[in-house]
Protein chains: 4
Amino acid sequence: MVNEEQKPVLRQMLKSEKTRAELLRAAEKIFARDGFEASRIEDIAAEAGRSRGAFYANFASKTEVFLTLRTLAAQKHARAVRERVQGLQDQEARYQALIGYIVEQIYDTQTQLLQIEFKLFALRHPRMQARLAEMHLEASTSVNRRELSDLFPEKSSLPAEMRCSTLEIEALLEGFALNARFSPKVLDEVSIQAIVPRLMAQIFSRAEGS
Amino acid sequence: MVNEEQKPVLRQMLKSEKTRAELLRAAEKIFARDGFEASRIEDIAAEAGRSRGAFYANFASKTEVFLTLRTLAAQKHARAVRERVQGLQDQEARYQALIGYIVEQIYDTQTQLLQIEFKLFALRHPRMQARLAEMHLEASTSVNRRELSDLFPEKSSLPAEMRCSTLEIEALLEGFALNARFSPKVLDEVSIQAIVPRLMAQIFSRAEGS
Amino acid sequence: MVNEEQKPVLRQMLKSEKTRAELLRAAEKIFARDGFEASRIEDIAAEAGRSRGAFYANFASKTEVFLTLRTLAAQKHARAVRERVQGLQDQEARYQALIGYIVEQIYDTQTQLLQIEFKLFALRHPRMQARLAEMHLEASTSVNRRELSDLFPEKSSLPAEMRCSTLEIEALLEGFALNARFSPKVLDEVSIQAIVPRLMAQIFSRAEGS
Amino acid sequence: MVNEEQKPVLRQMLKSEKTRAELLRAAEKIFARDGFEASRIEDIAAEAGRSRGAFYANFASKTEVFLTLRTLAAQKHARAVRERVQGLQDQEARYQALIGYIVEQIYDTQTQLLQIEFKLFALRHPRMQARLAEMHLEASTSVNRRELSDLFPEKSSLPAEMRCSTLEIEALLEGFALNARFSPKVLDEVSIQAIVPRLMAQIFSRAEGS
DNA sequence: TATGAATGAGAGTTCATTCAT
DNA sequence: AATGAATGAACTCTCATTCAT
């Protein structure tokens, strides 16, 4: 049987995939906790229950794992939007689902802090900046375009504007996530719920209450 | 005579004040450019035209100079607001002056990036976080309170809300400054002028056009 | 039947011999190219089209394969001398054949560089040095003794001198091979042909033209 | 007085020069003992009674200190030749002085092993090789040319040949030094004294005894 | 026997900080 | 106060070797 020979190899590959996945999860946590610069490979490896060597068997460098993480985050984001929006026939329902998802994002502080880290990283590595920004926007708007094209007909026809509103929303998310973490007592959930949806409405060109 | 001895001492003090000022200016630039972690004392000293020794003669550590910088920035911010607003009798004029100043701030990327760095620093040093957040808000709202108390009477009576809107504005400024630097082509000056004032209005008046 | 079981075993042994031979060839190339210290097991395995595991299935360590290589080189050298000299009845012809073989050796840079690496290795591992030097000379002079005893009758009776001239010749070969590789433009083939045979003659006959 | 201010600075510079000199001496010893690749910065620093940091305050890298060492060795060599030869009016005396110096060199095993290391380094770093070989020969023959031009009139007019004989002599020195260290019992001082001067004479185009 | 993921000691290098001047 | 040589801990990354398969 073919399985007789493939099984061990397959098991090894699965094991290795598990190590890689563990390392990615660990890296995400450590990067968000300590920031890119202050994160130590050893901490990432330890968090994953692996050794430094295992890290370097799976990633070429600290930079590589960081950027890999961003690509995966973009994919995850795309999947999440799709899941929320698909199946909803009503345009208003889809809009509300989208807004709901975005507001939720503020509370996923780890993700938002990583986004901030990623953008700081990009603008501090001028050689990569243009490429990274392009990749980031391509990933973000490709989701929006496919899933939300009919939701904002007047905008979807203008990719440039779509990219722009994507960044505007991200600006809100990142700014509020950072400040909520910085001063959770002052910028608490109640305050955020009170203001963010109204700001979002402005971005989506909808007057409040319309 | 006393002067015989004081003059050189005075000159020394002035010289040392100049060194300190140069180092602070340099630190601000380098921290904004490279981030707190990646900034090197040597680069700061070199940018100031001084040596590592001069740095340590004026500051106890990298952390100290960074935090000193924040205090100074808060004072500078207070002075700037005062200058813009004072002398304007008309309430609407003062409001416009304030809004104008805030929008301007987005383009002072160095300052906003430093604010982001500062907040990231705070939330990554849990022991200091509460104290740093308190200091930051005290400095920010003390300005607002004194200068703007009659401008937003209903708010100034509620320090908690004032602190909250301060953070909301900062969230906007930081989020937009970061993303404008990350992707200047997409989030250009035109886009920012189109959206930020409207978002600001939401925060201030809590109703568009009110 | 015995064959039922031996055949696969034999096949396995042949396969493993091939692997071992491939690894040895690869090791020789990599060691000569990069030097003992800088050579990586992974490079050797890759050059042999095998994996790290195959290497360790055949050799206990990097050191072991390196020393094994020297033993094989000595045997190969012995075989080569025998093939050149045997069957030549004329003493002068045998001398010329020998000189010819030695001069050829200079151009086998890989072999000479490995000899240099081997001797450097020996003198940097004091515990092994005496043993390695003894092995090396035993291998080298055993060839000479058997094959060349009647060629230099007065010398073959003095093993000590024979060992000495062996090292003298090796000194020439290694020195010239190294410098020819270091500066091939200056120490080119013409220069080498012009000088090395004359130097060799000095070592063999201990008098020019005798 | 000018000294009042210069003294401390001068003392610091001297101290720093001493550190650099100590490190160079230590590096020479360690490189010769362990080889370039196996030498550890920590060992060099410890041998110099300094820390790793002191090493990097004086040299950019392991490679840099190694190459610096070669330049210094070339200068030292030039000085030594000059000292031996200058003041000797008789051409034969100068020739003998030169030969004597060269033979002596064989016993300076540390220097010869470093030369071997240097050449191995060069041919394993193809990008630098041509430049290193050129530098090396320029340094070596510039000595010979100035000091020995009238000694070998027919050769000094042909720089190419001079470079060639330089390499030939180095080949001898390196080959014999290596093998003498490899097997000191067999290739002892007596054997070397018996053969090397005669080989040298061949290189200098002088029949033995002429 | 052979694979290659994983280990972990140890390498070169950096840099905040100290200290003699 | 200012210099800059020196320290040494800590970093990223490499690689000989081990081990489950």
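Labels below follow one simple rule: chain letters A, B, ... track the order of the sequence lines, proteins then strands, and each chain is numbered from 1.
For the pair A:K18 NZ and E:dA6 P, the computed distance is 10 Å after rounding to whole Å. The nearest whole Å value for the distance from the CG atom in A:D34 to the C1' atom in F:dC11 is 14 Å. When the P atom of F:dG4 is taken as reference, atom CZ of D:R20 falls 17 Å away, rounded to whole Å. In this structure, the CZ atom of D:F59 is 18 Å from the C1' atom of E:dT14, given to the nearest Å. The CD atom of B:E64 sits 14 Å away from the C1' atom of E:dA16 (whole-angstrom rounding).
Remark: the D:R70 side chain and the D:Q115 side chain contain an N/O donor-acceptor pair separated by less than 3.5 Å.
Between C:Q129 and C:L132, every side-chain heavy-atom pair lies at or beyond the 4.5 Å cut-off. Residues C:L24 and C:N58 fail the side-chain proximity criterion, which asks for heavy atoms closer than 4.5 Å.
A salt bridge links B:R124 with A:E117: the closest approach of a Lys/Arg side-chain nitrogen to an acidic carboxylate oxygen falls below 4.0 angstrom. One finds no salt bridge joining C:R25 and C:E28 here, because no Lys/Arg side-chain nitrogen approaches an Asp/Glu carboxylate oxygen to under 4.0 Å.
Both B:N58 and D:G49 sit near DNA chain F, but only B:N58 has its closest nucleotide nearer the 5' end. Projected onto DNA chain F by closest heavy-atom contact, C:T63 and A:F55 fall at different nucleotides, the more 5' of which corresponds to A:F55. Along DNA chain E, the nucleotide closest to C:A57 and the one closest to A:A57 are compared, and the more 5′ of them pairs with C:A57.
The aromatic rings of B:F118 and B:F66 lie tilted to each other, with the angle between the two planes from 30° to 60°.
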Short heteroatom pairs, N/O only, protein and nucleotides 14-16 of chain F, under 3.5 Å:
| unit_1 | atom_1 | unit_2 | atom_2 | d |
| --- | --- | --- | --- | --- |
| F:dC15 | OP2 | C:R40 | NE | 2.8 |
| F:dA16 | OP1 | C:S39 | O | 3.1 |
| F:dA16 | OP1 | C:K62 | NZ | 3.3 |
| F:dA16 | OP2 | C:I41 | N | 2.9 |

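Base pairing of F:dA1: no nucleotide in any strand meets the Watson-Crick or G-U wobble criterion (both distances under 3.5 Å). A 3.5 Å limit on both hydrogen-bonding distances identifies F:dT17 as the Watson-Crick or G-U partner of E:dA6.
Rounding to the nearest 0.5 angstrom, the gap separating the NZ atom in D:K62 from the CD1 atom in D:I30 is 11.5 Å.
D:A54 comes within 4.0 angstrom of a nucleotide base, judged by non-hydrogen atoms across all strands.
Here the nucleotide nearest the side chain of B:R50, chosen from F:dT3, E:dT7, E:dT3, is F:dT3.
Between F:dA1 and B:T19, no contact under 4.0 Å exists linking OP1 or OP2 to a side-chain N or O.
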